[in-house]
Chemist: 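First the structure, then my questions, so here it is.
Ligands are counted one by one from 1 in listed order, and the atoms in each one are counted from 1 as well. Numbering of residues begins at 1 and proceeds along the displayed sequence.
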Amino acid sequence: MRLPHVLLGLLLLCICLHDAATAATDTVSPGNGLAGGGRLVSNNSKFALGFFKTDSKSPNTYLGIWFNKVTKRTPLWSANGDSPVVDPASPELAIASDGNLVILDQATRSVIWSTSTHANVTTANGTVAVLLDDGNLVLRSASNASDVFWQSFDYPTDTLFAGAKIGWSKLTGLNRRLVSRKNLVDQAPGLYSLELDHNGVGHLLWNSTVEYWSSGDWNGHYFGLAPEMIGAVMPSFKFVNTEEEAYFVYTLHNDTAIVHTAIDVFGQGLVGIWLDSLQDWLINYRQPVFRCDVYATCGPFTICNDTAHGDQICSCMKGFSVRSPKEWELGDQKNGCMRNTPLECESDRNQTGLTDKFYSMQSVRLPDAKQVQAATSEDDCSQVCLRDCSCTAYSYWNGICSVWHDKLYNVKQELGAASDGNGGTFYIRLSAKELTSVAMKKSAITIGVTIGFAVGASTATLILTVILGLMIWRRKGKCFTRTLENGQGGIGIIAFRYVDLQRATKNFSEKLGGGSFGSVFKGNLSNSVTLAVKRLDGAHQGEKQFRAEVSSVGIIQHINLVKLIGFCCEGDQRLLVYEYMPNHSLDVHLFKADDTVLDWNLRYQIAIGVARGLAYLHTSCRDCIIHCDIKPENILLDASYVPKIADFGMAKVLGREFSHAMTTMRGTIGYLAPEWIGGTVVTSKVDVYSYGMVLFEIISGRRNSSPELFQDGDYSAFFPMQAARKLLSGEIGSLLDPNLHGDVNIEEVERVCKVACWCIQENELARPTMAEVVQVLEAFSSEDGRAALANQRSPLRQKFDVATVQVGEARRAAAGLVQGTS
Ligand SMILES: *[C@@H]1O[C@H](CO)[C@@H](O)[C@H](O)[C@H]1NC(C)=O
Ligand SMILES: *[C@@H]1O[C@H](CO)[C@@H](O)[C@H](O)[C@H]1NC(C)=O
Ligand SMILES: *[C@@H]1O[C@H](CO)[C@@H](O)[C@H](O)[C@H]1NC(C)=O
Ligand SMILES: *[C@@H]1O[C@H](CO)[C@@H](O)[C@H](O)[C@H]1NC(C)=O
Ligand SMILES: *[C@@H]1O[C@H](CO)[C@@H](O)[C@H](O)[C@H]1NC(C)=O
Ligand SMILES: *[C@@H]1O[C@H](CO)[C@@H](O)[C@H](O)[C@H]1NC(C)=O
Ligand SMILES: *[C@@H]1O[C@H](CO)[C@@H](O)[C@H](O)[C@H]1NC(C)=O
Ligand SMILES: *[C@@H]1O[C@H](CO)[C@@H](O)[C@H](O)[C@H]1NC(C)=O
């Protein structure tokens, strides 16, 4: 069943408003209440307050605050989330005779909600409620604006306003915390919260008890585990800890910016920015990055699948069905699923004579709350579970028998989960009756999963992983334990000990090269497996890159992307371990004459391979990843010269629903798209640009940006410009790397050159997607493909033709780039 359209916005729900007929004021005073469609608007017009419904079919009306100019209305605060005004009652916001601000049922005059302040309101000689410019609703003395009795900033719902505090008052014990809403329609408090502890560490909690994400300690600039908080477009954060209070607050660089910092109904914390140009929210930051890493986001007895979309993320385990279908459809899946058939052990009195059976699931990340039991075999382990009626699942891996009791939370679908020891086969307990009905399907599923797994990880890697898995002492780095088990856990990568890597690399003696933020060393494990070990330089830059790399490279697998095998995180040491690439990086072959010259056919295959890897990053893996630093140094070649894109340390992982990233500038001069210099919003088209620049270098065998090429302000020698010119005049041959001795397929060279020009269009919209690049390059390597592209009416052909027309513009882009770098 599909979800209603309200879910398409996922977390940002549109609220239905009554028409505001009355002229806007920012104050409610005695005798001047607010009813029906009336609203308060702050003096700067940024915020509005009024009654709203989340769904026209729902009987519930809430009093809330939202951004006045945001067309996708997003409630930022609500007064009466757990006591809505229910139709047909019509509400009024008024100052009561005791001075409190109240919501009244207009018909019965009964109080539905009140600020119920205990302050001495009565002495104030009248109070007023004012919606201030920062979105704070205050109840204050009518005659003295500094005499405030109550403010909405002290009772936040799911949003942290700029300038509002989250944290503790040590004097009164008041704890300001963010609490998620129950679902997209119901504004009642949900199960997730974001709060600060007494040391000022931020925690995301489930049901106020189970932590699933922590910010780490405040280091004066940002929380240790959230370095992404620093960035040109991110607001500036401040943590204050005094004798009276400990709180966290942020301010905007520009008060006109519309920034939404909140915890959504799924339990993910986010920072969104409203872009007028897009008329949409851009989520700039999200923690945890993946929804399946939120504790119990799908409720008990479910499987969470992060590769699925929107409403498909949660599904019931075999033998279970959705407990509350109505809420489930509203994105509130926290009630999870329930058994179709009671366990036999529960119906023991019926003397059925049947025992429970187990159903096996593979490629899942196992839930946390387990008990380890003594058992000598898998069969023994299943008997241990059967003896206890509250035991609902077991797993036997590497001689360890783990059993789970009662509700099963946080089972996550994951290819490759078996290899890191946190996975393996998971057996859930079902009634024998239930199992008979699923037994037929079972074998088919197991085969499907097994094949999927074998395809996902190359055999060599699989063997390697098993060897490593057996020999490595499995102590997990302290700082990463959480991420491994709770966060991007079970991603099939290995936690190495520092001493093992030190030994493997002979104390870091054989340096292979220097990547961003660190050096890469060659290593050997038991003389059979060769590794590339990247040691990150100290400081927090390294930490940020480390986290980015583990979380992005760790989850993706593609033949044209380098594989992360493991990492080490001990004390200050941060190391990343990759498969070793015997043929170094592309720059070595292109720019260093004494090395092997790549023939044209290899170059063409490399161009296609890199395009495929990028296309996968941009579209196929579960979240869009922008590499941000495509250059020959980051294209590695394996033993058969298959290209592998490396160095995802700068990669920007985007939520699926957003195609833009706002980000601080990354990348390497010479390959940077103009929008890096001009603005702040970048898309995957920056990689397309850099890829185009690399294509030129593949053709010419020299750097586009070699300084000798454009001395004295003469940019005409700049290779992309020459290429564009020669492409038009049909003299492409003269551009070729002399080392190729003209031994090329000139038609292919022309295509590559044309694609390169297409990729470096100044206007990012005019550039192709990487998928289109793959299509074009592959089409030219087959008869059928060439025929398809010869069809004038094919959309691809039409776009490609436009690109040719715009080659001239590429020159301008090229010139702009040179000026930008000199
Ligand atoms: C808003 O503007 C009105 C009219 O200019 C003024 O009376 C009122 O005090 C202002 N309110 C605030 C909170 O500044
Ligand atoms: C409130 O004000 C009344 C009248 O001025 C006074 O008698 C009373 O003590 C005050 N109560 C508090 C709690 O301050
Ligand atoms: C209370 O308000 C009334 C009318 O606005 C005014 O006449 C009176 O002086 C005020 N009293 C105090 C104590 O401020
Ligand atoms: C206004 O209220 C503040 C805070 O209660 C108080 O410190 C101040 O003296 C008051 N000003 C006047 C003019 O009453
Ligand atoms: C949340 O915690 C409370 C008490 O701490 C407990 O009664 C309740 O069942 C818990 N909720 C869920 C969904 O487990
Ligand atoms: C804030 O942003 C607005 C709109 O982008 C701009 O017009 C204004 O100049 C900026 N103000 C400051 C102080 O930067
Ligand atoms: C997870 O979701 C993806 C994308 O919808 C789908 O292809 C895959 O089959 C799902 N996995 C399972 C086990 O349902
Ligand atoms: C036991 O048997 C009775 C009658 O056949 C049935 O109604 C009941 O649901 C059974 N109990 C369980 C727990 O299966």
Chemist: If you have a sec, work out which protein heavy atom is nearest atom 11 (N) of ligand 4 and how many Å separate them, to one decimal?
Modeler: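 The closest one turns out to be Asn144 ND2, 2.7 Å.
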
Chemist: May I ask you to decide if the ring planes of Phe153 and Phe161 are parallel, tilted or perpendicular, using 30° and 60° as cut-offs?
Modeler: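 It falls in the tilted class, 30° to 60°.
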
Chemist: Can you find an N/O atom of Asp147 closer than 3.5 Å to an N/O atom of ligand 4?
Modeler: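 Yes; the residue has a nitrogen or oxygen that sits under 3.5 Å from a nitrogen or oxygen of the ligand.
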
Chemist: Does the protein put any heavy atom within less than 4.0 Å of atom 9 (O) of ligand 4?
Modeler: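 It does not; no protein heavy atom is within 4.0 Å.
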
Chemist: For the residue pair Tyr409 and Tyr295, does the interplanar ring angle fall in the parallel (under 30°), tilted (30 to 60°) or perpendicular (over 60°) class?
Modeler: tilted

Chemist: With disulfide (SG to SG under 2.5 Å) as the test, would you mind laying out the steps for Cys391 and Cys385 before giving the verdict?
Modeler: CA-CA 5 Å; Cys391 175; Cys385 186; 1.9 Å; yes

Chemist: Are more than 12 heavy atoms from other residues, nucleotides or ligands located less than 6.0 Å from atom NZ of Lys170?
Modeler: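 More than 12 heavy atoms, drawn from other residues, nucleotides or ligands, come within 6.0 Å of this atom.
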
Chemist: So is Arg291 actually on top of Phe266's ring, under 6.0 Å and inside 45° of the axis?
Modeler: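 Cation-pi check for Arg291 and Phe266: passes.
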
Chemist: Can you tell me which residue and heavy atom of the protein come closest to atom 4 (C) of ligand 4, and the distance to 0.1 Å?
Modeler: Ser146 O, 3.8 Å

Chemist: Considering Asn207, Leu191, Asn335 one by one, which has a heavy atom nearer to atom 3 (C) of ligand 5 than any of the others?
Modeler: Asn207

Chemist: Starting from atom 13 (C) of ligand 5, locate the nearest protein heavy atom and write down its residue, its atom name and how far away it is, to 0.1 Å.
Modeler: Trp206 CZ2, 4.1 Å

